[in-house]
**Q** 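Structure incoming, see below.
The first residue in the sequence is number 1, and the count goes up from there.
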Amino acid sequence: MSYGKMNNQIDIISTAPVKDADGFVTTGDNVLASVRAYKEDRHGNERWANTALFHFRKIPGVEITTSFFIVCDDDRYRIVSAEDVRGRGMYIEVLAEKQEGTVR
């Protein structure tokens, strides 16, 4: 994958409980990394509806798991799977499902 195709800016975020000044606990977003990525929307059939495939360079010190989310172009995606492309440790491929109607 070349940098020329990685033209989407994405944020990889984790959600964590945050306590405000009054003591109420809400879910807050913690941005782990902001990187450039290649995005491919998947529309083959009903099974692939509202999914996207992301390719980006491996981020040192950050292990991508299914508990993280991706924010791209004001859309929020829940990571379904993440794997190392060809086992070389250079690129990560993530399959993510678009979250519809969530309150941020």
Side-chain angles (χ1 to χ4, degrees):
M1 188 64 49
S2 67
Y3 273 126
K5 291 187 177 186
M6 293 186 184
N7 54 9
N8 291 314
Q9 188 70 26
I10 66 169
D11 292 330
I12 299 170
I13 61 172
S14 67
T15 57
V18 177
K19 189 179 287 189
D20 63 6
D22 294 330
F24 293 104
V25 177
T26 59
T27 302
D29 291 341
N30 181 23
V31 177
L32 299 174
S34 294
V35 296
R36 289 175 20 173
Y38 170 73
K39 178 185 171 192
E40 178 183 332
D41 289 318
R42 310 292 285 188
H43 299 294
N45 55 27
E46 287 182 24
R47 182 177 180 192
W48 293 108
N50 295 329
T51 60
L53 195 61
F54 293 93
H55 291 267
F56 51 90
R57 285 197 178 264
K58 185 172 175 148
I59 305 160
V62 178
E63 184 69 29
I64 305 299
T65 65
T66 56
S67 63
F68 296 153
F69 292 88
I70 292 178
V71 176
C72 177
D73 299 329
D74 293 331
D75 292 327
R76 187 179 181 106
Y77 295 88
R78 183 181 57 83
I79 295 178
V80 175
S81 70
E83 66 181 51
D84 186 5
V85 176
R86 296 186 183 144
R88 295 184 180 170
M90 293 177 62
Y91 295 98
I92 303 293
E93 180 179 80
V94 171
L95 180 65
E97 181 180 30
K98 187 174 183 181
Q99 299 293 296
E100 298 284 340
T102 60
V103 177
R104 287 182 246 162

**Q** Tell me the closest heavy-atom pair linking Cys72 and Lys39, and the distance in Å.
**A** SG-CD, 4.0 Å
**Q** Quick check on salt bridge (charged side-chain N to carboxylate O under 4.0 Å, His left out): which of Asp75, Asp74, Asp41 does Lys98 satisfy it with?
**A** Asp75
**Q** Measure from the side-chain N and O atoms of Asp20 to the backbone N and O of Asp22, and report whether any donor-acceptor pair falls under 3.5 Å.
**A** yes
**Q** Please round to the nearest 0.5 Å and tell me the distance separating atom CD of Glu93 and atom CD of Glu83.
**A** 5.5 Å
**Q** Taking it one step at a time, do Tyr91 and Lys58 satisfy side-chain contact (heavy atoms from CB on, under 4.5 Å)?
**A** CA-CA 5 Å; Tyr91 295 98; Lys58 185 172 175 148; over 6 Å; no
**Q** Starting from Val80, walk the hydrophobic network (Ile, Leu, Val, Met, Phe, Trp, Tyr; side-chain heavy atoms closer than 4.5 Å) and list everyone else you reach, by chain and number.
**A** none
**Q** Please report the C-alpha distance between Met90 and Val85 in whole Å, then the side-chain angles of each, then the deciding distance to 0.1 Å, and finally whether the side-chain contact (heavy atoms from CB on, under 4.5 Å) criterion is met.
**A** CA-CA 7 Å; Met90 293 177 62; Val85 176; over 6 Å; no
**Q** In the hydrophobic cluster built from side-chain contacts under 4.5 Å, what are the other members alongside Ile64?
**A** Ile10, Ile12, Leu32, Val35, Phe54, Phe56, Ile59, Val62, Phe68, Ile70, Tyr77, Ile79, Ile92, Val94
**Q** Walk me through it: do Asn30 and Thr15 pass the test side-chain contact (heavy atoms from CB on, under 4.5 Å)?
**A** CA-CA 6 Å; Asn30 181 23; Thr15 57; over 6 Å; no
**Q** Just to verify, what does Asp73 make a salt bridge (charged side-chain N to carboxylate O under 4.0 Å, His left out) with, not counting sequence neighbours?
**A** none
